[in-house]
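Heads up: the structure comes next, in structure tokens.
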Amino acid sequence: MESPIPLPPICEECEYYIVKSKTISKAGIELTAELRTKNVSTGFVNQISGIAGVENATLVSYNGEYMS
């Protein structure tokens, strides 16, 4: 089981995160992470998109259920 890692200051609204995937290519780096937030605020997505070099930031909500 993966243990939570310390968060950078940019995500003070998050309890922890786990990196799910990371892809590196000549075009850049794509990172997918699962974040657990302390509240329902989504303002951290705007902070992440404001980081130099970040081209896109997407928030996907997951409630624990998959459709089949």
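Please read all numbers here as calculations on a predicted model, not as lab measurements.
Screening Val45, Thr37, Ile48, Leu35 for a side chain to side chain contact (heavy atoms under 4.5 Å, CB included) involving Leu59 leaves a single residue, Val45.
Of the inter-residue distances, the one linking Arg36 atom CZ with Ile18 atom CD1 reads 7.0 Å to the nearest 0.5 angstrom. Between the OG1 atom of Thr42 and the CD atom of Gln47 there is a distance of 10.5 Å, given to the nearest 0.5 Å. Residue Ser25 holds its OG atom at 8.5 Å from CD of Glu30, rounded to the nearest 0.5 Å.
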Item checked: Intermediate values then yes/no, side chain to side chain contact (heavy atoms under 4.5 Å, CB included), Leu31 and Val19 -> CA-CA 7 Å; Leu31 179 73; Val19 174; 3.5 Å; yes
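Environment of CD in Glu34: crowded, with over 12 heavy atoms of neighbouring residues, nucleotides or ligands closer than 6.0 Å.
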